[in-house]
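Just so it is clear, the model here is predicted, and its values are computed rather than measured.
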2 protein chains.
Amino acid sequence: MNEKKKLTLKDIGKELGISVSTVSRALKEHPDIAQETIKLVKEYAESHNYVPNLLAVNFRKNRTFNIGLIVPELVHHFFSTVISGAISEANKQGYNLMVSQSNDILKDEVLASRAMLNSSVDGLLISISNETHEGKHIMEFLEEGKPVVQFDKITDELPTPKVIVDDFNGAYGAVNHLITEGFTKIAHIRGRRDVKNASERCEGYKKALEDAGLEQQGYWVKVCVKISEQEGYDFTKELMEGENPPNAIFCITDLVALGSMRYLKENNYNIPKDIGIIGFSNWMLSKVISPRLSSVEQHGFQMGVESTKLLLEMIKNHDVESNQTVELKTELIVRESSQLSQL
Amino acid sequence: MNEKKKLTLKDIGKELGISVSTVSRALKEHPDIAQETIKLVKEYAESHNYVPNLLAVNFRKNRTFNIGLIVPELVHHFFSTVISGAISEANKQGYNLMVSQSNDILKDEVLASRAMLNSSVDGLLISISNETHEGKHIMEFLEEGKPVVQFDKITDELPTPKVIVDDFNGAYGAVNHLITEGFTKIAHIRGRRDVKNASERCEGYKKALEDAGLEQQGYWVKVCVKISEQEGYDFTKELMEGENPPNAIFCITDLVALGSMRYLKENNYNIPKDIGIIGFSNWMLSKVISPRLSSVEQHGFQMGVESTKLLLEMIKNHDVESNQTVELKTELIVRESSQLSQL
DNA sequence: CTGTTAGCGCGTTCAG
DNA sequence: CTGAACGCGCTAACAG
């Protein structure tokens, strides 16, 4: 029980013998108020360290200076990087960030968004779960005049701005790099068909092969469900044990690439001499394993910053109509796992 | 501009021809109110989906149902795991979690905590930065009657409950395991001297050697500053190139262990035959590299859950006096990198 | 230039 | 059992 009662405008007014509203206006240097009064009030407030009761201010203004963020999974290098960027930008503009996760379960996502909607947040940043399609719970935000920005895992069903990585070109560049290095039979371990990012990357892969006039085989494309290390291992086994095995693999994610490399190393394939590998995401681990893994950097921090900027802009303009798409450039990071030419 | 104005108690009262206060009481099934009226009001509220204005409620009750969490670094496997646990428990109890990071910079930590203190949070979970010592900014919470719980990186200077990992015994167990496996000359790559966890682990290391009557050498203990992969590499090089090189290394963190292993592999040491390695934290990477890395699991999720439970308990009891310390058990995870006996 | 007044939406007396 | 009235702390419209 230590509740030190805080100073209010009323207290200051009483003490200084002026009215509450004058104090209020003086504090924000309203042009109507005499310089003298402003000085007086400000000094008093300062010395008695007056702190406005944000709860009251927010109630009055009907906003909270909080923004919400929901990701499928928090314990994930890419998403935590995005969050880091979002926090940085939000704080810079005087907002706090509320974080929640859906675990890729629609029910959890709905719960999390409801919890945030009920007046605790002025807007929402969301990367949707694999199960989210129509998104009524997200529309509820818009209906209440609270802007939403989607990032990374998005759906075109919802009329909100979107910040995404240029998956298509990222994948194209990765595969094209393999081709340039001299790999000719390139397989792809991809993600679920109903997840947009995965499909974009797969399209980029196909286009690169096509443009180079290289062999394409349906059985060279494997579909992950969980994007796990084990799937990388298992599919690589399938690929290498099947007929007409590839001599390079483009993996949907570094983690999958890791599984792929595990299988290959266990079976005495030399990477990249026998088979080239490239991942996607440029996780920290890609530069500390051996051989170091080539990958595609997604600039997660920047994604967090850009999404937040967009959202705050909308909040300030009471705008829930925008729905442009911002595509962030990827960056190819070449390391040993794909570099035939350096050997 | 889509502001769908929300239903208020007043609206319901007017519509039903009863007073605001009756509506208010009916909604929370106050015993004074007739069952009939309760039913009437509830049904109306339900069908017109009335949602109380939390901003107003919070203002009235002077609390927010938000809790804050500050960690040194968000993009970090252990911390993001803790956060995940904190979110889970907070949501379960109807609270939202506000997240921020200090980047291990005191100034940033102060900024983040101030931002949260100003009425946007009912309590704080914090893992302090390396630069934090006295913690005036944290005392400010207590002075305002808002409880604080420290976790993982803590300081005894502050009179708050603390949730920590049993670093001493975790380290003791890890080193003891190496001893049991037959390693005799065990080095330790530790963290900064002014960081408690690092010192606890180092003490555990020393005690294990002492209890086993094994050789101890000052030059077998190396001190990291950044806890980076590169430091692991460099110190291992120093250790192995120096005279009387060790035959096992206990690393402060899996990342450091990774660097250590990189050096060893590059220089054709066989792990664990020539040299045993054990890490700490049990990051995901430890089970996907080869050889798989033995490590000490810290149960980060559980730490998040426990810390949050403690904090919410205090919030509910208006308690800012407790200062017990909860120590979470670690768990030794034995993998290939330290298992001489299985070869 | 400043004070008075009137709410914001809700909870909580205090009267009936 | 119910309603009227007040106030949380702050802002803003309206007077002077």
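For Lys14(B), the NZ atom counts as loosely surrounded, since its 6.0 Å shell holds 12 or fewer non-hydrogen atoms of other residues, nucleotides or ligands.
One donor-acceptor pair, N or O on each side, does fall under 3.5 Å between the base of dT4(C) and the side chain of Ser21(A). Not a single donor-acceptor pair, N or O on each side, falls under 3.5 Å between the base of dG9(C) and the side chain of Arg60(A).
Across all their heavy atoms, Met116(A) and Leu69(A) have their closest contact at CE-O, 3.8 Å. When all heavy atoms are compared, the tightest approach of Phe78(A) to Gly300(A) is CE1-CA, 3.5 Å.
Of the two residues contacting DNA chain D, namely Val23(B) and Val20(A), the nearest-nucleotide position lying further toward the 5' end is that of Val23(B). Ranked by how close their nearest DNA chain D nucleotide is to the 5' end, Ala34(B) and Ala56(B) are led by Ala34(B). Position along DNA chain C of the nearest nucleotide to Val51(B) versus Ile38(A) favours Ile38(A) as the more 5'-ward residue.
Annotation: the span from Thr64(A) atom OG1 to Met98(A) atom CE amounts to 6.5 Å, rounded to 0.5 Å.
Distance Lys28(A) NZ to dC10(D) P: 9 Å, rounded to the nearest Å. The distance from atom CG of Asp32(B) to atom C1' of dG16(C) is 13 Å, rounded to the nearest whole Å. Counting to the nearest Å, the C1' atom of dC10(D) and the CG atom of Leu7(A) are 14 Å from each other. Between the P atom of dC10(D) and the NE2 atom of His30(A) lies a distance of 18 Å, rounded to the nearest Å. Atoms NZ (Lys10(B)) and P (dA6(C)) sit 14 Å apart, rounded to a whole Å. Spacing between atom CZ of Arg25(B) and atom P of dA4(D) amounts to 11 Å, rounded to whole angstrom units. Atom CG in Asn58(B) sits roughly 14 Å away from atom C1' in dG9(D) (whole-Å rounding). In this structure, Arg63(B) atom CZ and dG11(C) atom C1' are separated by 11 Å, rounded to whole Å.
When heavy atoms are screened at a 4.0 angstrom cut-off, Thr8(B) is found touching the sugar-phosphate backbone but no base atom.
Between Asn91(B) and Ser100(A), the side chains place a donor N or O and an acceptor N or O closer than 3.5 Å (distance only, hydrogens not considered).
An OP1 or OP2 oxygen of dC10(D) is reached within less than 4.0 angstrom by no side-chain nitrogen or oxygen of Ser24(A). Applying the 4.0 Å criterion to OP1 and OP2 of dT2(C), one finds that Thr37(A) has a side-chain N or O inside that range. Between Tyr50(B) and dG9(C), a side-chain N or O to OP1/OP2 separation shorter than 4.0 Å is absent. When the side-chain nitrogen and oxygen atoms of Thr22(A) are compared with OP1 and OP2 of dG3(C), one or more of them lie within a distance under 4.0 Å.
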